[in-house]
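Below, read A as the first sequence line, B as the second, and so on, with proteins coming before strands; counting in each chain starts at 1. This one's a predicted model, so the numbers in the text were calculated from it and none came from an experiment. Atom set for the values below is all heavy atoms of this structure, side chains included, hydrogens, waters and symmetry mates excluded.
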Amino acid sequence: MVAISITSLRKNYGDVAVLRDIDLEVADGEFVVLVGPSGCGKSTLLRCIAGLAAIDGGEIRFDGRRVDALPPQERNLSMVFQNYALYPHLTVRENLAFSLRVKRLPREEIVRRVAWAAELLAIEPYLDRRPRALSGGQRQRVAMGRAMVKHANAFLFDEPLSNLDAKLRVQMRKDIHKLQRAINVTSVYVTHDQVEAMTMGDRIVVMNGGHIEQIGKPMELYADPATQFVAGFIGSPPMNLLPGRAEGTAVTLADGTTLRTAIGHGGPVTVGIRPEHLLEGGGGPNVITLPVRDMQELGGSVSYFADLAGSEIEACEPRPTAVSEGRITIAIDPARILLFDEAGGRIR
Amino acid sequence: MTEPLPRSPRSVWLARLWLALAILFFVLPILYLLSTSFKAPDDVLQGRFFPTDPTLANYPAAFGHVPVASMIRNSVLVSILSAAITLLLTVPATYAMVKLGFMRTIIPNITLASYVAPPVIALIPLFFLMQRVHLIDTIAGLALVYGIMNIPVAFWLLRSFVRAIPDEIDEAAWIDGASYWRTLVRIALPLLVPGIVATALICIILSYNELLFASSMTFGESSRTITVGMSLFQGERLVNFGQMAAASFAGMVPVYVIAVFFQRYLIGGLTQGSVK
């Protein structure tokens with residue numbers, strides 16, 4: 001297991017810069033999730049770490065040793081691909097043993113490691129089957145096993161759960177997390193699913209347009225987003241974002257509604273309020289009654305949709321108590337209101 | 001594979017009729033050849049489809065006139081050897097180009113350009129080259145020429161087969177520590193078997209049917225191929241059609257055996273890449 005250190009990494013495809021100024025430190029044994037929308041460069045960054053894509057500038061180091069010029073064969077990594085990429089003509093046992101055979105490990109050692117992974121992943125009954133005779137979840141486990149037997153420097157995951165159905169995905173999410181803890185291997189995990197990122201990562205790297213927006217622990221990103229992009233991307237349901245104009249500690253929205261904030265500022269701003277914070281500021285200065293347009297009951301919580309200053313906002317609470325006669329009274333604690341400037345940066 | 005759509009019995013019968021006519025169109029020359037091989041010289045000149053007085057005499061006469069059996073043997077040897085040479089060069093080259101991006105834009109252009117050029121252009125230079133290395137009038141020499149000549153065809157056929165292997169499978173092998181050669185041999189080759197078989201068959205058929213280079217580079221019984229043999233029946237003043245038909249029919253057999261037994265691979269090779 002190694003610590004991964006990336007400094008000033010750049011990657012271009014032709015004239016297009018797909019990654020710029022990437023600085024990232026992954027501690028030994030840490031589970032870091034790269035998350036962002038499609039095309040943000042997260043998979044490319046993972047491929048650069050793996051050695052499957054050459055970089056155009058910067059450095060990648062494993063435990064201080066520079067590796068960015070090494071081919072993938074010499075980086076001693078394990079990778080789990082989105083489509084599993086199992087060798088279709090080999091049995092599960094041979095798939096697991098492939099990297100060990102390449103390394104010319106003794107036969108007994110290969111048998112021992114394959115048995116260890118098979119037991120841990122509960123794939124022993126399928127060892128003599130070929131991948132095509134396995135279900136999606138079983139293939140996923142074999143891909144995990146192939147990564148585990150190698151005792152690699154680090155694990156790289158490229159959206160490994162996106163081909164599974166919702167229920168299996170939740171189960172595998174827990175399993176992968178548990179396994180990573182058990183063998184304590186440095187892991188870099190790419191996903192576009194922020195729920196996956198929040199539940200699995202020790203730290204999350206939010207990427208957008210080829211650069212890193214923010215790096216932090218899941219709850220840090222949720223509670224203290226550095227940019228409007230992170231605020232809108234992290235959290236489910238997403239944060240309500242409304243345009244307005246700030247004067248001191250008052251923000252006037254498009255329709256003239258004024259909200260009191262805890263931060264003073266002047267000029268155009270974007271107001272950010274999480275749906276779960278819209279109903280908890282009772283007795284404070286920001287109490288507004290709005291007609292409810294729509295509501296969704298999700299079992300564990302209820303979401304209400306209403307219009308505020310020309311934008312649709314979502315408010316949610318655990319129990320359906322807030323509505324009376326089709327109207328909802330929202331009450332926002334000024335300390336819960338986040339402000340972002342025109343460039344999307346956080347105003348503190 | 002898509003499910004067949006429902007069709008009316010009338011359209012099914014029309015389709016069958018159309019297919020029968022198409023098959024007849026392609027089979028008729030071969031049937032005529034077969035029929036001619038049983039005709040006496042005078043009978044051939046009558047131009048009737050069926051022999052009036054069928055005779056088997058053409059077969060022993062043909063095999064006596066030119067060494068048909070050894071020529072067929074030479075043809076088979078040359079075609080198999082040349083296909084082996086083609087594949088040995090083309091499989092690694094195609095893999096390197098498709099998966100490692102080696103000369104990705106140049107190779108397809110070069111192969112296409114060399115394939116569209118008339119083969120006769122290469123005849124004289126190749127003749128002298130072969131003479132210089134003492135491979136003229138040998139099976140090995142002809143196989144080498146065919147082996148290189150068929151590279152463009154093999155490349156275009158194999159390219160779509162190599163592309164059909166998901167990149168992640170090769171990448172997984174590299175990450176597992178396998179060298180590019182080992183990945184080719186252990187991972188890609190087993191997955192390429194249907195493509196390699198199809199390409200080999202097509203190269204064998206092309207080599208087997210080739211006449212131009214064979215007629216200029218082989219002179220003796222030990223190296224002449226059956227296509228050259230058939231052309232030998234054409235005398236200065238007289239063409240012995242009956243014997244020629246008999247020799248042609250015997251010479252066709254190996255190719256037809258391939259076509260019948262390996263149909264599945266051949267069709268796979270020719271249609272690969274046409275649909276996703």
Side-chain angles (χ1 to χ4, degrees), chain A residues 13 43 46-54 70-91 94-105 110 130-132 139 142-160 163, chain B residues 1 87 91-106 108-109 158-200 264-265 268-269 272-273 276:
Chain A
Y13 282 133
S43 281
L46 194 76
R47 293 175 63 80
C48 289
I49 299 172
L52 296 172
L70 295 180
Q73 290 92 339
E74 291 172 36
R75 297 194 189 191
N76 190 27
L77 298 168
S78 286
M79 188 156 169
V80 180
F81 293 86
Q82 182 174 353
N83 60 7
Y84 322 128
L86 301 176
Y87 310 126
H89 58 298
L90 302 181
T91 62
E94 291 164 334
N95 263 280
L96 294 181
F98 183 78
S99 68
L100 308 177
R101 292 229 171 92
V102 171
K103 275 187 177 172
R104 296 178 192 282
L105 290 189
I110 295 177
R130 286 187 209 287
R132 90 173 73 89
R139 287 180 200 184
V142 176
M144 275 298 296
R146 194 171 63 175
M148 283 163 49
V149 291
K150 213 179 141 187
H151 296 180
N153 281 332
F155 277 17
L156 308 177
F157 297 89
D158 190 5
E159 309 216 16
N163 284 358
Chain B
M1 189 71 83
L87 289 170
V91 172
T94 311
Y95 181 82
M97 195 211 75
V98 174
K99 296 294 183 179
L100 307 177
F102 182 73
M103 297 174 82
R104 184 174 281 173
T105 46
I106 303 171
N109 291 337
L158 276 173
R159 192 163 77 141
S160 49
F161 282 102
V162 177
R163 276 185 179 161
I165 301 177
D167 288 342
E168 290 85 352
I169 289 184
D170 301 274
E171 290 172 355
W174 301 339
I175 290 196
D176 271 348
S179 67
Y180 300 119
W181 267 109
R182 190 179 180 125
T183 306
L184 169 63
V185 174
R186 289 294 162 85
I187 303 297
L189 270 190
L191 303 177
L192 280 175
V193 166
I196 290 175
V197 173
T199 309
R264 196 163 60 90
Y265 287 106
Q272 173 77 28
K276 178 135 170 59

For this session: Identify which of A:Phe98, A:Tyr84, A:Tyr87 forms the greatest number of heavy-atom pairs closer than 4.5 Å to chain B.
Result: A:Tyr87
For this session: Below 4.5 Å from any heavy atom of chain A, which atoms of B:Leu191 appear? Answer side chain, backbone, both or neither.
Result: side chain
Problem set entry | For A:Arg139, the option from A:Asn83, A:Asn95, A:Leu86 that meets side-chain contact (heavy atoms from CB on, under 4.5 Å) | A:Leu86
Problem set entry | A:Arg47 versus chain B, the contacting section by heavy-atom distance below 4.5 Å | side chain
Problem set entry | Cationic N near anionic O, under 4.0 Å, A:Arg101 to A:Glu94 | no
Exercise. Checking A:Lys103 against chain B: side chain, backbone, both or neither under 4.5 Å from a heavy atom?
Worked result: neither
Exercise. Hey, is CZ on B:Arg182 packed in by over 12 heavy atoms from elsewhere, all under 6.0 Å?
Worked result: yes
Exercise. Going by heavy atoms in the side chains, are B:Pro92 and B:Leu184 under 4.5 Å from each other?
Worked result: yes
